[in-house]
Amino acid sequence: MDLRTLRYFVAVAEELHFGRAASRLHMSQPPLSRAIRQLEADLGTTLLNRSAAGVSLTAAGATLLTEARNLLAQSEQVRARVTAAASLTVGILADSTDPGIARLADSYRRLHPNVTITIREADLTDPTCGLRSGLVDVAITRAPFDRSGLQLHELRSDPLGAVLRVDDPLASREQLKLADLADRPWFQFPPGTDPLWQSFWNAGEPREGPIVRAVQECLQAVLWNGTIGLAPLGHHLSAELVVVPVEDLPPSPVVAAWADPNPLIQTFVQLARTAYGASPE
C-alpha cells in the first residue's frame, strides 16, 4: 500500500464512481479498478460494494477513507517542510559580478523559491571553492584543476589577456604574445595550491613573482610592481589598468563542479547550463 494507491482509493471513495474517479485522476478506468482490487487483496477485506446500482463504501472502506485522507495530508505537510528546509551552498570563484551568475540566480530563485542558497566566495588558492573540504555543495569556478572525485561541466570559455598598467609600453598594443611577457614577474599562488591551476595562470612555464591570494591582490601587484596578471577579456577594471589579448594563451573555461550528484545539485547544474548558454551533455 503506497501513497499513490491511497490517492486512487480516495478518489473512488469520494466520487463513488470508477469512471468519474478515473477522469479526476487523469487515467483510464481499467488500471484504476485493478489498483483498488489489489489494495483490497493486500488488506484482506472488501472496501467497496459494487453493484448495478453503483458503488458504496463498506465499513472497512469508510475507515480507510478517513485514515487515507489523514495520511495524504501528512505526506503533503512533510513534502512542504522538506522543501522549505532544502538548501544549497554554492561556491563562486573570486568574481561574483559575472553576468552568468546573475542570470543563474534569477532563474533559480523563480523556479525554486523554497530552496535556501548560501554563497561562499573563494579566493584564488582553491579553484574547487571548498568542494574538496566539504564547505560547498556545488561550485561555479574556472578550470583546469585536479578533478579527481569531482564532476565538471563546461559552461563557457573565455579568451584571456594580460592585465597591464595604462602607461605600460605594451598597453597600446592590440595583441600580445607570451614571448612579449617573458621577462616580467608573474603572480604566484601560495605553496600547496593545485599545480594544474598554478601552471595554467603562469602559461605553463615556471615563473617568479609576488604571491597573491585574491583578485584584488593580483591587480594591486600589477599597479605597484608591473607584475603580469591574466584576466578574461571584457572584465571591467579600474581606469589605471587595461587588458590586452594574448593570442597564444588558451582560453579559461568556466565550469560547474560538484561531487554529490543529488537531484538538487543536478537541477542547479542544468539551470547553470542554460544561464551560461552551454550545450547539454
Side-chain angles (χ1 to χ4, degrees), residues 1-90 103-118 136-138 140 151-153 155 256-281:
M1 181 171 57
D2 56 26
L3 292 177
R4 181 177 63 177
T5 304
L6 289 179
R7 289 190 182 93
Y8 289 175
F9 172 75
V10 168
V12 175
E14 290 178 347
E15 298 291 341
L16 294 177
H17 190 283
F18 277 89
R20 289 195 298 269
S23 178
R24 169 174 155 181
L25 294 165
H26 306 289
M27 63 188 298
S28 59
Q29 184 174 331
L32 176 60
S33 298
R34 288 195 297 270
I36 300 302
R37 289 288 188 192
Q38 185 59 54
L39 177 61
E40 290 176 319
D42 292 343
L43 294 175
T45 188
T46 301
L47 301 171
L48 299 169
N49 294 313
R50 302 162 177 85
S51 68
V55 176
S56 61
L57 290 170
T58 65
T63 299
L64 180 59
L65 176 59
T66 299
E67 296 297 332
R69 283 170 169 164
N70 290 336
L71 282 171
L72 292 173
Q74 289 173 15
S75 74
E76 289 304 315
Q77 291 170 5
V78 168
R79 181 191 298 273
R81 286 196 294 269
V82 169
T83 299
S87 65
L88 274 180
T89 301
V90 180
R103 290 192 296 269
L104 174 56
D106 181 62
S107 61
Y108 200 91
R109 187 176 64 251
R110 283 187 287 103
L111 294 172
H112 302 282
N114 294 320
V115 178
T116 299
I117 299 292
T118 301
V136 303
D137 302 302
V138 61
I140 303 295
Q151 299 183 59
L152 269 67
H153 184 86
L155 302 174
W258 66 99
D260 176 19
N262 71 52
L264 206 57
I265 292 175
Q266 293 297 326
T267 300
F268 180 90
V269 172
Q270 185 57 55
L271 286 174
R273 291 171 184 159
T274 302
Y276 280 83
S279 59
E281 288 184 329

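Note that the structure is predicted; figures quoted are calculated from it, not measured.
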Under 4.5 Å between any side-chain heavy atoms of [X] and [Y], yes or no?
X	Y	answer
T267	V115	no
I36	R50	yes
Y276	I140	yes

So which pairs with a foot in residues 20-32 pass salt bridge (charged side-chain N to carboxylate O under 4.0 Å, His left out), sequence neighbours left out?
E14-R24, E15-R20, E15-R24

Keeping to residues at least two apart or across chains, list the salt bridge (charged side-chain N to carboxylate O under 4.0 Å, His left out) pairs with something in residues 51-64.
none

What residues, two or more places apart in sequence or in another chain, satisfy side-chain hydrogen bond (donor to acceptor under 3.5 Å, both in side chains) together with R4?
none

Taking all non-hydrogen atoms of both residues, which atom of [X] and which atom of [Y] are closest, and how far apart?
X	Y	value
T46	A60	O-CB, 3.9 Å
Q266	P261	NE2-CB, 3.3 Å
L32	A22	CD2-N, 3.6 Å
A86	L264	CB-CD2, 4.2 Å

Audit row: L47, V12, side-chain contact (heavy atoms from CB on, under 4.5 Å) steps and yes/no
CA-CA 11 Å; L47 301 171; V12 175; over 6 Å; no

Test side-chain contact (heavy atoms from CB on, under 4.5 Å) applied to S33 - qualifying residues, sequence neighbours left out:
F18, Q29

By side-chain contact (heavy atoms from CB on, under 4.5 Å), which residues pair with L71, not counting sequence neighbours?
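With sequence neighbours excluded, L71 shows a side-chain contact (heavy atoms from CB on, under 4.5 Å) to L6, Q74, given in chain and number order.
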
Between L72 and L3, is the side-chain contact (heavy atoms from CB on, under 4.5 Å) condition met? List the steps.
CA-CA 7 Å; L72 292 173; L3 292 177; 4.0 Å; yes

Which residues satisfy the ring pair (Phe, Tyr, Trp, His ring centres under 6.0 Å) test with F9, sequence neighbours excluded?
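Ring pair (Phe, Tyr, Trp, His ring centres under 6.0 Å) check on F9 returns nothing, list empty.
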
Run D137 and D260 through side-chain contact (heavy atoms from CB on, under 4.5 Å) and show every step you take.
CA-CA 7 Å; D137 302 302; D260 176 19; over 6 Å; no

